[in-house]
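Counting convention: from 1, in listed order, for ligands and their atoms alike. A quick note: this is a predicted structure, and the numbers were derived from the prediction, not measured.
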Amino acid sequence: MSENLEKQLGFGTRAVHTGNEISTETGAIERPITLANSYALPYDASVMNWSDAEKNIYTRNGGANQRYLQEKIADLEGGEDCVVLASGVAALSGLFFALLKSGDHVIFSSVTYIAVYRLLNELFNNKFGVETTIVDVSDLDAVKAAIKPNTKLIHVESPGNPTLGICDIRALADIAHENGALLSVDNTFCSPYTQRPIELGADFSVESLTKYINGHGDAMGGSITGKKEYLDIIRAQAQVNLGGTISPFNAWLIMRGAVTLPMRMQKHNDNAMKVARFLKTVKGVSFVAYPGLEDHKDHEIAKSQMENGFGGMLSFGLNADHDTYNRFVSHLKVITSAVSLGHAGSLIVFIGEKDERQYLYPEEFHNGFFRFSTGLEDAEDIIEDLKQAFEKENLL
Ligand SMILES: *Cc1c(COP(=O)(O)O)cnc(C)c1O
């Protein structure tokens with residue numbers, strides 16, 4: 001496809017075609033997996049820059065399948081450039097490592113993936129002298145108040161894992177840029193089908209490709225999409241020198257998974273809405289956190305920045321004690337108790353009242369809750385499975 005034509009094509013068409021080409025060697029209409037660690041050197045190898053991430057030299061510097069996937073993700077996110085790495089956390093740590101130095105200040109959301117909390121609040125802070133402030137980023141005044149002259153980065157999730165908190169990405173991008181800082185958004189709960197942070201003004205969209213974009217629960221990967229001037233630095237540091245390279249096989253699997261992202265994501269979004277509405281009718285459910293519900297505190301903001309629905313993730317609590325949560329899970333037949341999200345199958349995790357970050361969550365989360373990844377099963381079957389488990393515990 002020519003560059004110009006590509007720009008006019010819809011999201012679904014680009015999910016299918018971008019990054020793929022007919023093989024000039026064999027005529028195969030799908031690009032092959034290239035597992036080789038090393039690529040042929042030019043006549044005079046001594047002139048090579050061994051840290052070059054642009055040429056195919058050595059797979060840690062970047063290889064064929066990684067590049068195809070980068071092309072697809074950059075296109076779907078609406079970004080200039082992309083680097084794909086071995087996991088979502090490799091992408092997050094690579095971004096922080098490449099952008100931050102001691103003496104810099106970072107503001108990050110009170111609701112983030114656990115590794116972000118560990119990386120910024122413990123490792124970068126204690127080992128590398130990076131200052132950190134944890135802020136409820138749904139409160140824009142609190143974000144403004146936390147800005148310092150050395151603030152370099154604001155890092156957020158919307159919806160946030162695990163409370164489904166929403167923050168205003170456009171407004172946060174303005175605050176960051178007015179103060180000479182950058183905004184990174186972990187977009188894992190949405191995928192670019194449901195939200196595109198770069199189009200909303202963010203500098204970086206980070207994805208755990210492990211989740212919706214691969215979608216089949218069988219490969220790990222992460223991506224950072226943004227401007228080339230930053231991506232060049234991130235690629236050199238996080239990929240070539242830190243060594244967070246994704247395997248060609250996983251890049252290929254994720255490339256294949258991403259082809260059906262729009263269809264899968266639409267079903268995740270539709271199913272989650274149905275499950276959330278069902279949970280609202282259950283007497284034993286103490287609260288349901290889903291940005292698609294009108295009673296979500298930031299439903300209007302979610303509506304203004306999300307498309308095609310509100311994601312497949314939700315959280316809910318029970319009017320019950322600790323043991324009831326465990327028994328409830330043991331009654332489930334269709335839904336599996338497992339971490340991760342964005343798989344074909346529905347997944348549930350009991351997050352107990354001992355979670356060390358409870359103090360950062362809204363009050364209703366303090367007595368324990370479930371995080372639920374709505375799968376691609378028929379919504380009626382997911383709801384029926386929940387219903388029979390509620391019934392067994394007299395919660396319906
Ligand atoms: C899973 C997840 C990550 C980490 O991704 P991995 O691929 O497991 O390393 C980061 N952010 C969010 C929001 C996640 O759900």
In terms of relative ring orientation, are Tyr212 and His268 parallel, tilted or perpendicular, with 30° and 60° separating the classes?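 Rings of Tyr212 and His268: perpendicular, over 60°.
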Could you identify which residues cluster with Val259, counting Ile, Leu, Val, Met, Phe, Trp and Tyr as linked when any side-chain heavy atoms lie under 4.5 Å apart, either directly or through a chain of such contacts?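 Same cluster as Val259: Val16.
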Identify the protein atoms, limited to N or O, that lie within less than 3.5 Å of an N or O atom of ligand 1, and list each pair with its distance to 0.1 Å.
residue: ligand 1; atom: 5 (O); partner: Ser208; partner atom: OG; Å: 3.0
residue: ligand 1; atom: 7 (O); partner: Gly88; partner atom: N; Å: 2.9
residue: ligand 1; atom: 7 (O); partner: Ser208; partner atom: OG; Å: 2.8
residue: ligand 1; atom: 7 (O); partner: Thr210; partner atom: OG1; Å: 2.6
residue: ligand 1; atom: 9 (O); partner: Gly88; partner atom: N; Å: 3.0
residue: ligand 1; atom: 9 (O); partner: Val89; partner atom: N; Å: 2.9
residue: ligand 1; atom: 11 (N); partner: Asp186; partner atom: OD2; Å: 2.7
residue: ligand 1; atom: 15 (O); partner: Asn161; partner atom: ND2; Å: 3.3
residue: ligand 1; atom: 15 (O); partner: Lys211; partner atom: NZ; Å: 2.9

Do Arg357's NZ or CZ and the ring of Tyr117 fall within the cation-pi criteria of under 6.0 Å and 45°?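 Geometry flag: set, cation within 6.0 Å and 45°.
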May I ask you to decide whether Lys72 forms a salt bridge with Asp75, counting only side-chain N to carboxylate O separations under 4.0 Å?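 No salt bridge links Lys72 with Asp75.
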Check this for me, if you would: do Arg327 and Asp323 make a salt bridge, where the nitrogen-to-carboxylate-oxygen distance has to be below 4.0 angstrom?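 Answer for the salt bridge query: no.
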Going by the ring-ring contact (aromatic ring centres under 6.0 Å, His included) test, name the single residue among Phe369, Phe350, Phe316 that passes it with Tyr325.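 One option only clears the test, and that one is Phe350.
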